[in-house]
Each structure stands twice: as structure tokens, then as C-alpha cells.
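Ligands are counted one by one from 1 in listed order, and the atoms in each one are counted from 1 as well.
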Amino acid sequence: MLMISDALYLGRGLHKVAYIHPENENLVIKIPFDPKDAELRQELSYRKSRKFRNLDSQLLTKFYGPVETDKGQGYVFERIRNADGTACETLGDYLDAQEAAGWPDKEEVCALLQGFMKQVMDERILTNDTCLINFLLQRNEAGEIRIRIIDNVGSPVKIPLVYYWDHMTVGHIRRYLKRLQRDLQEKYGRDLVLVKS
Ligand SMILES: Nc1ncnc2c1ncn2[C@@H]1O[C@H](COP(=O)(O)OP(=O)(O)O)[C@@H](O)[C@H]1O
Ligand SMILES: [Mg+2]
């Protein structure tokens, strides 16, 4: 059993608490408050379906399986942080800061969002998340940004045909991206992004 000290604490949400892996600082261990947490089970079965379909992803964190810890049953994931070791900003905080500063990097922001949306489709990522707290901005050595998804993927439906039938996957993602764009425009202004419909 792995012992996790409180000093390794990274963050928490409504469902899980995340710690740095005690033996590897490039990994995190997530421990659900409820061992039967429905959202986590959804994510795990979604990831299983992606493996079955041989879908690879640069957006999603890598998943390395379950681990027993002294704080309960944990799950090991890739840790997302910037190349300089600092914590990543969420996409929501980034956009709020851009708005507050009068959009100094508007073109960069639009290109980032458009690239992200295209990648969600290309990688067939299923999510309903539009609150942007689970999307992190990861910076490399050159300061270039890419978006990573750390949480809340999959679908809550009982029999997720949408995981396996690509036609349905694509339809779901198209609707999601339109919703995401609409929410972004409502919050940040009409001319922010454009997904082709
Ligand atoms: N892969 C990760 N890399 C770095 N920090 C993470 C990672 N996953 C989660 N965290 C941190 O832990 C918090 C809670 O994790 P999350 O998976 O979002 O749980 P919840 O389901 O409770 O929202 C996140 O908001 C983030 O601060
Ligand atoms: Mg979360």
C-alpha cells in the first residue's frame, strides 16, 4: 500500500482529491471521496472504450490504473504542469484574465480555441464540460500553450453506444462544440471563436 503524506496535496474538486505520486512527481493519484463515485466510473469505462477503439489522445491525461493508498483506493494519472514546473492555469482563468486586460492576445486566443476544438473532434473526445475548470493550459519551454483535459470525460448514459459508434460520437462532439462556442460567446463576446457547422 502506498503512503501519501498531506504535503503531496495538489487540489480537489467536488468528486476527488489529487495528490502528487509519492514515488514519481510526474504522476498524480486521484482519490474519490466516494469509492463508488459515478463520475469516476464513467471516466474509467470511457477510457476502456477508447482503448478498445485504439483511440489515442494528446488532450487527455494518460491513465495508469488503480493503486491502493492509505487514503483509500486511488487512480494514477499523468500530472499536468508547465515545463518550468509551475502549476497550470485553467482555461477559464486564462480567458477571464484576457478579458480583464482587454484581449491583448485575441488572435492567439482564437487560434488556441479553434485548435482545441478541432483536436477534440479529431481525437473523438467525449465530454459535456463547458465550465473550463477541467481544461488546463500547459506551457512548454518555449512558452507555447496547449490545452489539456484533466477531468469529466465520457457520457452519463447507461448504454453508451456513443462510445463505440463513430457516427454517434461525431454527432455528439459536433453538438458539444456548438454549445461550447455558444457559452464562450455569451460569456466573452460574439466574435471570439468560430466553429464551422
Ligand atoms: N492530472 C492532473 N495534473 C495536475 N493537477 C491535477 C490533475 N488532475 C487533477 N488535478 C488537480 O486536482 C483538482 C481535482 O481533480 P479533478 O480530477 O478535477 O477532480 P473532481 O472530479 O473532484 O473535479 C483539479 O481541479 C486540479 O487542481
Ligand atoms: Mg474537476
inquiry  = Below the 3.5 angstrom mark, is there an N/O of Leu14, backbone or side chain, next to an N/O of ligand 1?
reply    = yes
query = Hey, is ligand 1 close enough to Lys16 that some N/O pair sits below 3.5 Å?
reply = yes
note = protein heavy-atom neighbour closest to atom 3 (N) of ligand 1 works out as Ile80 N, 2.9 Å
query = Ile150, Leu113: one ILVMFWY side-chain cluster at the under-4.5 Å cut-off?
reply = no
remark   = Residue, atom and distance of the protein heavy atom nearest atom 5 (N) of ligand 1 read Leu10 CD1, 3.7 Å
key: Closest approach of any protein heavy atom to atom 24 (C) of ligand 1, naming residue and atom   = Ile150 CD1, 3.8 Å
ask   = Considering only protein heavy atoms, which is closest to atom 1 (N) of ligand 1, and at what distance to one decimal place?
value = Glu78 O, 2.9 Å
query = So, is Asn134 placed with an N/O/S atom under 2.8 Å from the Mg ion (ligand 2), counting both backbone and side chain?
reply = yes
query = Does Ile133 reach ligand 1 with a nitrogen or oxygen that is under 3.5 Å from one of the ligand's nitrogen or oxygen atoms?
reply = no
query = Can you tell me if NZ on Lys106 sees more than 12 non-hydrogen neighbours from other groups inside 6.0 Å?
reply = yes
task = Quick one: look up the protein heavy atom nearest atom 23 (O) of ligand 1 and list residue, atom name and how far away it is.
result = Asp151 OD2, 3.0 Å
inquiry  = Check this for me, if you would: do Arg41 and Asp34 make a salt bridge, where the nitrogen-to-carboxylate-oxygen distance has to be below 4.0 angstrom?
reply    = no
request  = May I ask you to list the atoms of ligand 1 that are less than 4.0 angstrom from any heavy atom of Arg79?
outcome  = 3 (N)
task = Ignoring angles and geometry beyond distance, decide whether Lys30 reaches within less than 3.5 Å of ligand 1 through its nitrogen or oxygen atoms.
result = yes
message = Among the N, O or S atoms of Asp151, which one sits nearest to the Mg ion (ligand 2)?
response = OD2
ask   = Is it the side chain (CB and beyond), the backbone, both or neither of Asn134 that lies under 4.0 Å from ligand 1, heavy atoms counted?
value = side chain
key: Distance flag, aromatic centroids of Tyr163 and Phe52, threshold under 6.0 Å   = no
inquiry  = Quick check for you: to the nearest 0.5 Å, what is the distance between Glu39 atom CD and Asn152 atom CG?
reply    = 4.5 Å
NZ/NE/NH1/NH2 to OD/OE distance under 4.0 Å, Glu99 and Lys187 = no
inquiry  = Using heavy-atom distances only, which candidate in Ala87, Gly13, Ala18 approaches atom 11 (C) of ligand 1 most closely?
reply    = Ala18
key: Passing candidate, side-chain contact (heavy atoms from CB on, under 4.5 Å) with Phe116, options Ile145, Ile125, Leu177, Leu59   = Leu59
ask   = Does a side-chain N-to-carboxylate-O contact under 4.0 Å join Arg81 and Glu25?
value = yes
inquiry  = To check your reading of the model: name the closest protein heavy atom to atom 27 (O) of ligand 1, its residue, and the distance in Å.
reply    = Gly11 CA, 4.2 Å
inquiry  = Count I, L, V, M, F, W, Y as connected when their side-chain heavy atoms are under 4.5 Å apart, and connections chain through other members. Are Leu44 and Tyr64 then in the same cluster?
reply    = yes
